[in-house]
Number of protein chains: 2
Amino acid sequence: MKREELVKQIKSKESYLCIGLDTDLKKIPASLQKFEDPIFEFNKRIIDATHEYCVAYKPNIAFYEAMGSKGWDSLEKTLEYIPKEIFTIADAKRGDIGNTSGLYARAFFDNMNFGSVTVAPYMGEDSVTPFLEFKDKWVILLALTSNSGSKDFQMMKLENGQYLYQEVLEKSSKWGNASNLMYVVGATQATLLKDIRKIIPDHFLLVPGVGAQGGSLEEVSQNGMNKDCGLLVNASRSIIYASSGDDFNTKAKEEAIKLRDEMKVYLSKYL
Amino acid sequence: MKREELVKQIKSKESYLCIGLDTDLKKIPASLQKFEDPIFEFNKRIIDATHEYCVAYKPNIAFYEAMGSKGWDSLEKTLEYIPKEIFTIADAKRGDIGNTSGLYARAFFDNMNFGSVTVAPYMGEDSVTPFLEFKDKWVILLALTSNSGSKDFQMMKLENGQYLYQEVLEKSSKWGNASNLMYVVGATQATLLKDIRKIIPDHFLLVPGVGAQGGSLEEVSQNGMNKDCGLLVNASRSIIYASSGDDFNTKAKEEAIKLRDEMKVYLSKYL
């Protein structure tokens, strides 16, 4: 997807909501277990109920991989079902030497037609660039994550005075551009978003950690928004598991609308 | 697999060879394409020809993932076919927030019974520990990789005077122990192995980059061996694609024997 299309979608839907499809067989209603593919059935109903209020879906690949080749089938069907105008993120956190990263790129971009994939930066430039070679596809590079372990290395000070995550932003921003590269910045790090915007004013940020992990949507929006919005804020569990009963899809819709309504306010306030 | 079993195998086979199963449909002999599962057929013949000379097999997960659910089936069959006394490595380079890493662990350890999985350290402690909770399973953490991009972040100097990869070794070695945690150190970095051994004298190292990527086996062995050998040296393409013809398995066997014979010498010289 081209950047313009994504921005257009955000403006017309008045939303920068990304919904995480972290679909777990143990957490979906028992009534779905009778279907041939309960995971797909759950995703289908979530997508039907929420697609008007979000601009992106983000399946967390681990949930599908944990089910072996069956999970892979559910993922493929889910991806085909997502309306074409919606941005898709393979949350896979891949990254390997060049020829191997190229294969991961093929898996997510060619075989499955994902719009983007999350990538880990530790192995450096040649582990990232193979993903950038696909037209109108995006790399979403881990910069500053929302978990407690982000302190261990990402927040270490380098000899040059920068934190490691700042070095990741600075160096990697030259490997691609604001039309094929985004960054993961956790909502739990919202106070740092202003500093991050000094390094990468134009790039989109994928922001997990609002809701279940405790980040504030207003703080993220105020500190992180740029002239094109530049944010995709993800919510997973708080939407898809808003109810554990058969009304899971209507409850998911309510939660999505609630977040969209909040985003509408911030778009008019901070954009 | 317990550490004692791995060490015992190394001593009895006089080998610390790991064979990378980077199996690519485009590179295997045309005569195999008539089989229902050409990838598995290729792996089966490679395993039959080489299992006496190596102590580990390392399927590179990207090669299987690039083929979708079919590739996943080939991987599962391959893993079941590997003799039980041989160590297995899912070269997946995963790593995510805690609950997600737990799912990746389940995918590789429970569903597929791999002995170990490679993990990227960028997201810190809580992204690694879920993999360490499985009995007799191993994490192989990326420390210093063999690719050119290893310079970008791994070799950056921190404020405390250490390189990032040294910090990764030091900090992470406290998350597990030498019986459930190994490290990836590329053969192209062999001169640094002596320094690495000062930080982690006891841990096993998985060393890629000998052969196709130009690392020297003698240098790696001389600088990296500890009292239990402590090395798994990987070769992929130089063995499995030693011939592109129907004699690929006999040629693979010859290459494996050649490396085993070299290792035999180094085991008596440096152990």
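Throughout, a chain's letter reflects where its sequence line sits, starting with A, and its residues are numbered from 1. Bear in mind that the values here come from a model prediction, so they are computed numbers and not experimental data.
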What part of [X] is in contact with chain B, defined as an atom under 4.5 angstrom from a non-hydrogen atom: side chain, backbone, both or neither?
X     : answer
A:N99 : side chain
A:D96 : both
A:I61 : both
A:E76 : side chain

Where do [X] and [Y] come nearest, in terms of heavy atoms and distance?
X      : Y      : value
B:W175 : B:K171 : NE1-O, 3.6 Å
B:A62  : A:T100 : CB-CG2, 3.4 Å
B:S172 : B:Y183 : OG-OH, 2.7 Å
A:F109 : A:F131 : CE1-O, 3.4 Å
A:N177 : A:N180 : N-OD1, 2.8 Å

Which region of [X], side chain (C-beta onward) or backbone (N, CA, C, O), has a non-hydrogen atom less than 4.5 Å from a non-hydrogen atom of chain A, or is it both or neither?
X      : answer
B:V128 : neither
B:S150 : backbone
B:Y165 : both
B:D22  : neither

Please confirm whether the backbone N or O of [Y] pairs with a side-chain atom of [X], one donor and one acceptor, at under 3.5 Å?
X      : Y      : value
B:N234 : B:G20  : yes
B:S116 : B:T88  : yes
A:S146 : A:V185 : no

Looking only at heavy atoms and a cut-off of under 4.5 Å, which of [options] has the most pairs with chain A?
options                        : answer
B:R106, B:K93, B:M67, B:R94    : B:R94
B:A120, B:G68, B:G98           : B:G68
B:S148, B:G161, B:S101, B:S127 : B:S148
B:Q162, B:M112, B:K157         : B:K157

Pairs of heavy atoms under 4.5 Å with chain B: top-ranked of [options]:
options                     : result
A:K151, A:Q154, A:M156      : A:Q154
A:G71, A:G95, A:A107, A:A66 : A:A66
A:D24, A:D152, A:T129       : A:D152

_Value rounded to 0.5 Å, distance of CZ in A:F35 from CZ in A:F42_ = 13.0 Å
*Between atom CG of B:L217 and atom CD of B:E219, what is the distance when rounded to the nearest 0.5 Å?*
10.5 Å
*Taking only Lys NZ, Arg NE, NH1 and NH2, and the carboxylate oxygens of Asp or Glu, determine whether B:K70 and B:D73 approach each other closer than 4.0 Å.*
no
_Just so I know, are the side chains of A:L232 and A:K58 near enough to count as touching, which here means a heavy-atom distance under 4.5 Å?_
no
*Contact listing (chain A partner; residues 133-144 of chain B; heavy atom under 4.5 Å)*: B:L142, B:A143
*Would you find more than 12 non-hydrogen atoms of other residues, nucleotides or ligands less than 6.0 Å from A:Y241 atom OH?*
yes
